[in-house]
Each structure stands twice: as C-alpha cells, then as structure tokens.
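Heads up, the thing below is written out as structure tokens.
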There are 2 protein chains.
Amino acid sequence: MVHEVEHRTLTAYLEEHSLKNTKQRAAILDVFLSATGHITSEVLFQQVREQHSNIGYTTVYRTMKLLCDAGLASERRFDDGVTRFEIAHEHHDHLVCTRCGKIIEFECAMIEKTQNEIAERHGFRVLRHRHELYGHCRDCREDSP
Amino acid sequence: MVHEVEHRTLTAYLEEHSLKNTKQRAAILDVFLSATGHITSEVLFQQVREQHSNIGYTTVYRTMKLLCDAGLASERRFDDGVTRFEIAHEHHDHLVCTRCGKIIEFECAMIEKTQNEIAERHGFRVLRHRHELYGHCRDCREDSP
DNA sequence: CGTGAAAATGAAAATCATATTCAAATTCAA
DNA sequence: TTGAATTTGAATATGATTTTCATTTTCACG
Ligand SMILES: [Mn+2]
Ligand SMILES: [Mn+2]
Ligand SMILES: [Zn+2]
Ligand SMILES: [Zn+2]
C-alpha cells in the first residue's frame, strides 16, 4: 500500500481529535502525496477530480487545512496570491522565478542564526518566518548563455 | 508648505507620464506623509476622509499605487491579508508581532550578501525579496519581566 | 449487525480586499 | 477658452477562500 506511513499519521491525528476517517480525506491525501513540488489548490483539486469526480472544492480546501494541522502538509503563499501546498519536510526557504514559476528551496543555518540574533536584540521571540527571493532562474535570465 | 519636496516629486512624475495633477492626489499624498509607520489602506482611507469627505476608496487605492510607482511609497503585505503602505526609504526587512501588530524594521548586510550568494549558486538573479520574522515582541512575550 | 449522535460533505451563497466599469467631472496644452 | 485626454467615485465585478445548511456518512455502543 502506497503512502502507508502518512495514512497512518492521518488516522492517528483523526482519532486523536475525534474526527472521522472518510474516503475523501484518504483520496485527497493520496493525490497530494503523489504530486510533486509546490502545488496550488486549483491544480490539486483538478488532480483529485480526475480520480474522484464527485469530491468538491470545499472538501479539498478543508482537507488540506487538516493535513497541515496534522503535520503532513505545509501551506505556502508566495506573491502571486494563490495558496500552494508542499509535503511537509524540514524548514527551508524559497527562491521563486517570476518568469517561469520555478521554485527552488534553500536553507542557511547562518542566516537563521543571524536573524534570531537580530530578533533577540529587539526583544523579539520569533515563532516563524518567511524568506523569499524573487527573480529570474538560470533558464530565464536574459544573460543566460 | 509641508511635504514640499514630495509634492514636487509627485508633480514631476505626473508630468513625466502625462498624468494630471489633481487635488485628490495631493490630498492623499499629504495624509499619507503625515501618517506614521505601516498604514493599511483602510486606515489611510479613513484619515483621508476626515479632511476630504468626498474622496472615494477607489481613488485612494489608485493613488497609493501611483505613489508607489513614483517612488514615494512602498507597499507591504504581511501575513494578515491586508496591504500596508510606508513612506519609501532604504531597503529593510521586518519583524512583525502577531499579538499587538507592532512592526520593527531591520537590515543586515550579511544576510543580504549571504542570500545573494545562495541565489547565485542556483543561477538565480534576485530582483527583490521579503524576509519577515513573525513572533512576539518584548511587550507581548509571556516571559517578559 | 443495527442505531443514532456527531461529524463530514458538497452545492450554493457569502466574504473581503481589491480591481474594473462607466458616466460625469476635471485638468491642462494649445 | 476649449476640447481631448485623464480622473473621479459609485456601483459592480473579481477571485480566492470560507461559511452555510440540508443531506449523507462515520463509528462507538449496544
Ligand atoms: Mn518548499
Ligand atoms: Mn518598513
Ligand atoms: Zn524561470
Ligand atoms: Zn507585540
């Protein structure tokens, strides 16, 4: 069975919160885990619909929120106004190409450390952050060889 | 005359782009420059209305966009879904308190340099970025003395 | 297995910030 | 002064997401 671990995680979360294990939730989790990258709600909905033509958009929205709460998905909102989801994995930030939409992940312990020092200097306790670099990727640069 | 320099900047921009110097634009610029911090469209509109009860919300939106284009204002969108404007000044990033809404500005040459190196490593040309730290300010921390 | 209370679903309608439309008013170069 | 171009503001549209609510489904318990 594919995505067995994640389905068990979801089931555990549902039980823990007295929520119900529906076929829609399992189906959306399956489609989400099979998709790659940073997927929009709309694309996710379309892919869900290919296999389950009766699942509503509302249920997709609600289920993705649930998957985020369960720690299986992460919600991202870049500057184009639509919400994207990615399979939850360790913290990272993003490079976003404003021409082709490519999204590259990066992480930098030094930046993280420095930003926390800055925050501390201001008496701030950082709970989360977003660090997004917008520009042109290698393929979209004018001066690309 | 207050804000003389900025009014001249606006006039120059308008002339340069064959746009018209209206009393609404001047009024909105005045109110905007008199406001402090990172002001939402709604608050700005309310403050404009106090002095000019006939100026429409639409005109405020359009004028703020214009002031951004003219380099007098900067648009910011933090995670609460509303657009804010601040008087344009040199590049900086933000600490945002999710309890009281306080916004603190910071800048760090090392972070800027490091992020550009990361981007370059990926073949990326960075055109703009956002680096926002969300958390609790000194006054809102649970463990504040 | 049934049962029923609680939860979930999906279609439609609501929200909410912002954008667009359009007729009337204003600006400003000539 | 004038009239073509621009701007204004009220109303309406937009578009992503959320809420509503009647109906359906789940599942703990008997
Ligand atoms: Mn990512
Ligand atoms: Mn600022
Ligand atoms: Zn690209
Ligand atoms: Zn605070």
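Order of the sequence lines sets the chain letters (A, B, ...), proteins ahead of strands, with each chain counted from 1. Bear in mind the structure is a predicted one, so any value in this text is a computation, not a measurement. For the numbers below, each heavy atom of this structure counts, side chains included, while hydrogens, waters and symmetry mates do not.
The nearest whole Å value for the distance from the CG atom in A:L66 to the P atom in D:dT18 is 14 Å. Taking atom CG of B:L44 as the reference point, atom P of C:dA17 lies 15 Å away to the nearest angstrom. For the pair A:N54 CG and C:dA11 P, the interatomic distance rounds to 8 Å; values are reported in whole Å. Protein atom CZ of B:F45 is 14 Å distant from nucleotide atom C1' of C:dA17, rounded to whole Å. We find that CG of B:N21 is positioned 10 Å from P of C:dA29, with the value rounded to whole Å. Separating the CG atom of A:L67 from the P atom of C:dA8 is a distance of 13 Å, rounded to the nearest angstrom. Taking atom OH of residue B:Y13 and atom C1' of nucleotide D:dT7, one finds them 15 Å apart after rounding to whole Å. A:R76 places its CZ atom 20 Å from the C1' atom of D:dA16, with the value rounded to the nearest Å.
Not a single donor-acceptor pair under 3.5 Å links the side chain of B:H52 to the backbone N or O of B:V48. Within the 3.5 Å criterion, the main-chain N or O of A:G56 finds no donor-acceptor partner in the side chain of A:Y61.
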query = Stepwise, does the side-chain hydrogen bond (donor to acceptor under 3.5 Å, both in side chains) test hold for B:Q115 with B:H131?
reply = CA-CA 11 Å; B:Q115 77 186 7; B:H131 192 181; 5.1 Å; no

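For D:dT17, the OP1/OP2 oxygens have no side-chain nitrogen or oxygen of A:T58 closer than 4.0 Å. Between C:dG10 and A:T59, a contact under 4.0 Å exists linking OP1 or OP2 to a side-chain N or O. Proximity of A:K23 to the phosphate of C:dA8: no side-chain N or O atom is located under 4.0 Å from OP1 or OP2. An OP1 or OP2 oxygen of D:dT25 is reached within less than 4.0 angstrom by no side-chain nitrogen or oxygen of A:Q24. OP1 or OP2 of C:dT9 lies within a sub-4.0 Å distance of a side-chain N or O belonging to A:T22.
When the nearest nucleotides of DNA chain C are assigned to A:R49 and B:R84 by heavy-atom distance, the more 5′-ward of the two goes with A:R49. Between B:L14 and B:Y57, it is B:L14 whose nearest contact on DNA chain D lies nearer the 5' terminus.
The nucleotide whose nearest atom lies closest to any side-chain atom of A:K20 is, among C:dT9, D:dA5, C:dA7, C:dA7. Closest to the side chain of A:S41, out of D:dT7, D:dT17, C:dG10, is D:dT17. With D:dT7, D:dA11, C:dT9 as the candidates, the nucleotide lying closest to the side chain of A:R62 is C:dT9. Among C:dA11, D:dG9, C:dA19, the nucleotide with an atom closest to any side-chain atom of B:I55 is D:dG9. With D:dT17, C:dA8, D:dT6 as the candidates, the nucleotide lying closest to the side chain of A:Y61 is D:dT17.
With 3.5 Å as the limit, one finds a donor-acceptor pair spanning the side chains of A:H129 and A:D93.
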